[in-house]
Amino acid sequence: MQRRRLGDSLEVSAIGLGCMGMSDFYGTTEERDEREAIATIHRAAEIGVTFLDTADMYGPFTNEQLVGRAVAGHRDSYQIATKFGFVRSDDGSQRIDGSPKHVREACDASLQRLGVDHIDLYYQHRVDATVPIEETVGAMAELVAAGKVLHLGLSEASGATLRRAQTVHRISAVQSEYSLFSRDLERDVIPALRELNVGLVPYSPLGRGLLAGSVTSSRDLPAGDVRRSRFPRFSDENLDANARIAARLHELAAQKGCTAAQLALAWLLHQGDDIVPIPGTKRQARLEENAVAASLVLSAEELRSIEQAVPAQEVQGARHWDMASIER
């Protein structure tokens, strides 16, 4: 597995592992197998996928605990990224808290759940519009000074917010949705990242399963899967059209002799050596499939063919149900 650098000095595997689905959101509790999830995290290190992504709101809290159990005794084999900012209530509602007090409390709680003495990359999960970014990042910088965190990140932040944050402390990475289906970052965010030497960590790089072909109709989604109810691209009026677009990628992948997921990830990796996608999975087989993408070489002609086959402007529906919390 190749290595890439986020910002000045955070070195991680070229492809990471999103751990959220091991505990929350996609699928049902009955479908989740903790032993397989932990085995997947262990297998990741064996094949060089060392960059793990979690957050305190996944579960909530249970995903960090699972990751902590998986890395116990092998902490130095991984770079662990987690996030703070969302506060989930028992009734299912959530709010964003970027206050310095919450930053400090959330970090201590994450360290305890993960069972580690430091976090490699600590993100603000969403920008809190009620708290100046300088105050939030200032509190995050205190965590770096205390040795609790090594590198700082933001998630779904605009270029303007990123520039303000950088005046307080070095930001190593921004995590935002980016894929063949979601390319809005190219207008403002990616130019700012390149200007400031900040890495990009795309989440949902496979369009939450659409680009991989694991979702072709609503029948592919279990009853408890939030994609059914919350993500517009999976609604009854949009899913068929989006699946047809994704099918074009499968045709190109067949010509290349790879899977559609591998081709979609390879396209992302070719957008810059400062990009590290974090496809999520609960299973070792899918992890191994995704990892192959780092070795695929695409010509300029192949890249053009992929973009022509999957034009982002034809994708139906917003990429997230809560676009108000996403800076653009």
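At least one side-chain heavy atom of V215 sits under 4.5 Å from a side-chain heavy atom of L239. L111 is listed as a side-chain neighbour of V116, based on a closest heavy-atom distance under 4.5 Å. For the pair L6 and V12, the minimum side-chain heavy-atom distance is below 4.5 Å. At a threshold of 4.5 Å between non-hydrogen side-chain atoms, the residues V87 and H102 count as touching. Side-chain contact check for V292 versus C258: every heavy-atom pair is 4.5 Å or farther apart. Within the 4.5 Å cutoff, the side chain of L152 has heavy atoms near those of the V144 side chain. Between D188 and E327, every side-chain heavy-atom pair lies at or beyond the 4.5 Å cut-off. Put simply, the side chain of D220 does not reach to within 4.5 Å of the side chain of S214, judged on heavy atoms.
Following chains of ILVMFWY side-chain contacts shorter than 4.5 Å, one can reach I80 starting from M1, so the two form part of one hydrophobic cluster. Hydrophobic clustering (side-chain heavy atoms under 4.5 Å, transitive across Ile, Leu, Val, Met, Phe, Trp, Tyr) keeps L268 apart from L296. The hydrophobic cluster containing L180 also contains F231, counting ILVMFWY residues as joined when their side-chain heavy atoms lie under 4.5 angstrom apart, directly or transitively.
Panel note: side chain R69, backbone I38; no donor-acceptor pair is recorded below 3.5 Å. In this structure, D274 contributes its side chain and G199 its backbone to no donor-acceptor pair below 3.5 Å. At distances below 3.5 Å, at least one donor-acceptor pair connects side-chain atoms of Q166 with backbone N or O atoms of I171. Although no hydrogens or angles enter the test, the distance criterion places no donor-acceptor pair under 3.5 Å between the side chain of S89 and the main chain of Q94. No side-chain donor-acceptor contact under 3.5 Å links R126 to the backbone of G85. Listed for the D108 side chain is no donor-acceptor partner under 3.5 Å among the backbone atoms of E105. Checked by atom type and distance alone, the side chain of Q262 pairs as donor or acceptor with a backbone atom of T259 at under 3.5 Å. Of the possible polar contacts, none joining the H169 side chain to the G138 backbone as a donor-acceptor pair under 3.5 Å is found.
The nearest pair of heavy atoms linking A261 to L206 is O-CD2, 3.6 Å. Summarising the geometry of L17 relative to A44, their closest heavy-atom pair is CD2-CB, 4.1 Å, with the distance given to 0.1 Å. Here the closest heavy-atom approach between residue L303 and residue H270 is recorded as CD2-CB, 3.9 Å. Of all heavy-atom pairs between Y178 and P202, the closest is O-CB, 3.5 Å. In this structure, M323 and A318 approach most closely via the heavy-atom pair CG-CB, 4.1 Å. Heavy atoms only, all atoms of each residue included: F181 and V315 are closest at CD1-CG2, 3.6 Å.
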Stepwise salt bridge (Lys or Arg N to Asp or Glu O under 4.0 Å) test for D184 and R319:
CA-CA 10 Å; D184 51 298; R319 65 178 174 89; 3.2 Å; yes
Step-by-step side-chain contact (heavy atoms from CB on, under 4.5 Å) determination, Q316 to I245:
CA-CA 10 Å; Q316 302 297 303; I245 297 171; 5.8 Å; no
Go through it in stages, so that I can follow the logic: the residues are I41 and Y78, the test is side-chain contact (heavy atoms from CB on, under 4.5 Å), and I'd like the CA-CA distance, side-chain angles, deciding distance and then a yes or no.
CA-CA 10 Å; I41 292 173; Y78 301 95; 3.7 Å; yes
In sequence, state the C-alpha distance, the side-chain angles, and the governing distance for R208 and E177, and then conclude on salt bridge (Lys or Arg N to Asp or Glu O under 4.0 Å).
CA-CA 10 Å; R208 297 185 174 83; E177 183 172 357; 3.0 Å; yes
Report the C-alpha separation of S110 and E64 in whole Å, then their side-chain angles, then the decisive distance to 0.1 Å, and conclude whether the side chain to side chain donor-acceptor pair (under 3.5 Å) test is met.
CA-CA 7 Å; S110 287; E64 285 185 327; 2.8 Å; yes
Before giving the answer on side chain to side chain donor-acceptor pair (under 3.5 Å), spell out for S9 and R170 the whole-Å C-alpha distance, their side-chain angles and the decisive distance to 0.1 Å.
CA-CA 11 Å; S9 58; R170 185 83 179 87; over 6 Å; no
Chi angles and distances behind the salt bridge (Lys or Arg N to Asp or Glu O under 4.0 Å) call for E289, R286:
CA-CA 5 Å; E289 175 190 341; R286 186 69 74 180; 3.0 Å; yes
Could you please spell out the steps behind the ring-ring contact (aromatic ring centres under 6.0 Å, His included) verdict for H151 and Y122?
CA-CA 6 Å; H151 302 271; Y122 199 42; over 10 Å; no
Using side-chain contact (heavy atoms from CB on, under 4.5 Å), reason through I96 and F86 one step at a time and then give a plain yes or no.
CA-CA 5 Å; I96 300 171; F86 277 116; 3.8 Å; yes
Please test T50 against R3 for side chain to side chain donor-acceptor pair (under 3.5 Å), starting from the C-alpha separation and ending with a verdict.
CA-CA 10 Å; T50 60; R3 307 285 288 178; 2.7 Å; yes
Should L252 and K256 be marked as a side-chain contact (heavy atoms from CB on, under 4.5 Å) after you check the CA-CA gap, both sets of side-chain angles, and the distance that decides it?
CA-CA 6 Å; L252 292 177; K256 183 72 173 175; over 6 Å; no
Under the salt bridge (Lys or Arg N to Asp or Glu O under 4.0 Å) criterion, do R75 and D120 qualify, and how do the steps go?
CA-CA 11 Å; R75 172 65 180 92; D120 295 287; 2.7 Å; yes
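One finds the CG atom of L52 at 5.0 Å from the SG atom of C19 (value rounded to the nearest 0.5 Å). Rounded to the nearest 0.5 angstrom, S325 OG and D128 CG are separated by 11.0 Å. Here CG of L298 is found 5.0 Å from CD1 of I306. Values are rounded to the nearest 0.5 Å. Here the straight-line distance linking atom CG of L287 with atom CD of E46 works out to 10.0 Å at 0.5 Å rounding.
Between H125 and F84, the ring centre distance reaches or exceeds 6.0 Å.
Ion pair R230/D322 not flagged as a salt bridge, since none of the NZ, NE, NH1 or NH2 atoms sits closer than 4.0 Å to an Asp/Glu carboxylate oxygen. With salt bridges taken as basic N to acidic carboxylate O contacts below 4.0 Å, one links R164 and E134. A salt bridge links K83 with D53: the distance from a Lys NZ or Arg NE/NH1/NH2 to an Asp or Glu carboxylate oxygen falls below 4.0 Å. Ion pairing of R248 with E251 is absent here, as no side-chain N (NZ or NE/NH1/NH2) approaches a carboxylate O to less than 4.0 Å.
With T54 as the partner, the side chain to side chain contact (heavy atoms under 4.5 Å, CB included) test is satisfied by one option alone out of N63, I119, L66, T62: N63. The one candidate from I190, V201, V198 that meets the side chain to side chain contact (heavy atoms under 4.5 Å, CB included) condition with V174 is V198.
Annotation for E301: atom CD does not count as buried by contact number, only 12 or fewer foreign heavy atoms lying within 6.0 Å.
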